[in-house]
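All figures in this text were calculated on a predicted structure; none of them were measured in a lab. In what follows, chains carry the letters A, B, and so on, assigned in the order in which the sequence lines appear, proteins first and then strands, with residues in each chain numbered from 1. Note: hydrogens, waters and symmetry copies are ignored here, and every other heavy atom, side chains too, is used.
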There are 2 protein chains.
Amino acid sequence: MRCMAPARTEPADDTAADTDLPPAKPSLRERKKIQTRQAIRRTAYRLFEKQGYDATPVDQIAEEAEVSPSTVFRYFPTKEDIVLTDEYDPLIEETLRQRPPNEPPVTALREALYSSIARIYQADAAETLQRIRLIREVPALRGRMSEHSAETAWLLRRALAERTGRAEDDLELRIVTGAMLGALMEAMYSWVDTGTAGTLEDLRALVTRALGVLERGLTL
Amino acid sequence: MRCMAPARTEPADDTAADTDLPPAKPSLRERKKIQTRQAIRRTAYRLFEKQGYDATPVDQIAEEAEVSPSTVFRYFPTKEDIVLTDEYDPLIEETLRQRPPNEPPVTALREALYSSIARIYQADAAETLQRIRLIREVPALRGRMSEHSAETAWLLRRALAERTGRAEDDLELRIVTGAMLGALMEAMYSWVDTGTAGTLEDLRALVTRALGVLERGLTL
DNA sequence: ACCGTCCTGACAGTAACTCTCAAGTGGGAG
DNA sequence: CTCCCACTTGAGAGTTACTGTCAGGACGGT
């Protein structure tokens, strides 16, 4: 397979994360869309688990989810996006903005990441675990993930720039966000490595240690 | 296009980097292989520059380089690899091993990275610049690059583990390498951002500042 | 019940690979 | 110099991830 770089125009529209259930009942059409989205993703996850990511063509996912292949691509611009859908960035950003403005930036970042991670994990623990496992094991997904985290870094940078009054492309800011994301990524992978069942507490502890290392200036 | 995850079995064999010219004259066959490799890459870079990465099909590269499409894929397992060939990891590793063993790990890493970067840059400055520019601008390449730097991180980790006597999968070690690579990546991007002509001195300065931020515990 | 809008499936087309096989070239042995 | 084996190349067919178009059907308000 390959992974060209398509327009990459995420829908990013109204279709809410299928993990939160707002009490307001959307129209029948909307509900069907959410159902279809879930069906595709669930089917995909099941097949990936059974026979592997690469060995699972989109056509098969479509067939077993009982939709046409075109529909799959309408919901997920790329096969990778079936795994990597994350609307987490706005969540992180919002959480970060709610931190007291006088708080030191790294602390604010740490706390924001803490609560974001907790919320993401609690939304669907099993699926989150499987997702991270897939990301770690499938090179294409890892690549796409890091690609995405570059955007996250940019977002964090903007937020930090606002806080500190520095320019958005300030080198020190770039370094800080790059280092934090790099460290956190390792913590994540380390988390899924520790046995099969990572718990939220484990994750918190790992993140704490990771950020601790950063704050101590990478001393061992 | 897409980017599945093929066997990813890099040739990684004898074909030396086309940048260094060892005095020993290899056989005619070997020389032809190197020529072909260079021809493909040069043609590709020229076309990428002219019409963009995504807008340049492999078939066109093959045609203009006067080889068959199959040959292109024989030399570079994926289109991305035409840009991302780097045999730098062994270089970094060797340089790192040559540092005095009693040197503090982060210092050793810094010095090893310094000289490696300098050597890579000096081998072919123009091409290096164009490569980094491409990596920054093409999402697929960025993704693949970070994927690769995960391997580099692993390599660094092993070297550090040796030095410090820690386990290879030690969390702190992962954090340190992850953070350093994250920070260095940002420094690189920042380097190509500053005007069109990044100089080696600029790069050194950026790396110094980046590692300085890390050593100060991400204080701004 | 009607009608415009949104959604879906069928289909054709592009491009990145992958595999196989036959023909050509290099290099060493005699 | 010649013969032969090993390596390399080109050609072609096949798979898979997408992309765009178009017609039919369902939804939802009037």
> Respond yes when some side-chain nitrogen or oxygen of Lys33(B) is under 4.0 Å from OP1 or OP2 of dT8(D), and no when none is.
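Yes, such a contact exists.
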> Excluding sequence neighbours, so at least two apart, what forms side-chain hydrogen bond (donor to acceptor under 3.5 Å, both in side chains) with Glu168(A)?
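Once residues adjacent in sequence are excluded, Glu168(A) has no partner under the side-chain hydrogen bond (donor to acceptor under 3.5 Å, both in side chains) criterion.
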> So does Lys32(B) get a side-chain nitrogen or oxygen closer than 4.0 Å to the phosphate oxygens (OP1/OP2) of dT8(D)?
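Lys32(B) to dT8(D) OP1/OP2: no side-chain N or O under 4.0 Å.
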> With a cut-off of under 6.0 Å to the ring centre and 45° to the axis, is Lys33(A) in cation-pi contact with Tyr75(A)?
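Verdict for Tyr75(A): no cation-pi partner in Lys33(A).
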> Does a side-chain N or O from Thr71(B) land closer than 4.0 Å to OP1 or OP2 of dG10(D), or not?
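Yes.
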> Does a side-chain N-to-carboxylate-O contact under 4.0 Å join Arg142(B) and Glu137(B)?
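Answer for the salt bridge query: no.
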> Within residues 58-65 of chain B, find the residues that approach DNA chain D with a heavy atom at under 4.0 Å, and present them sorted by residue number.
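Per residue number, the list is empty: none.
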> Among Asp81(A), Thr85(A), Thr36(A), exactly one meets side chain to side chain donor-acceptor pair (under 3.5 Å) together with Arg41(A). Which residue is that?
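When Asp81(A), Thr85(A), Thr36(A) are each tested with Arg41(A), the side chain to side chain donor-acceptor pair (under 3.5 Å) holds only for Thr85(A).
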> For Tyr114(A), does the six-membered ring have the charged nitrogen or CZ of Arg204(A) within the cation-pi criterion, i.e. under 6.0 angstrom from the centroid and within 45° of the normal?
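The answer is yes, since Arg204(A) meets both limits relative to Tyr114(A).
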> Would you say dG27(C) has OP1 or OP2 under 4.0 Å from some side-chain N or O of Ser27(B)?
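Yes, within the criterion.
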> Sort me out a list of protein N/O and nucleotides 3-6 of chain D N/O pairs below 3.5 Å, or just none if empty.
from, atom 1, to, atom 2, distance (Å)
dA6(D), N3, Arg29(B), NH2, 3.4

> For dT8(D), does either OP1 or OP2 sit under 4.0 Å from a side-chain N or O belonging to Tyr75(B)?
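No, outside the criterion.
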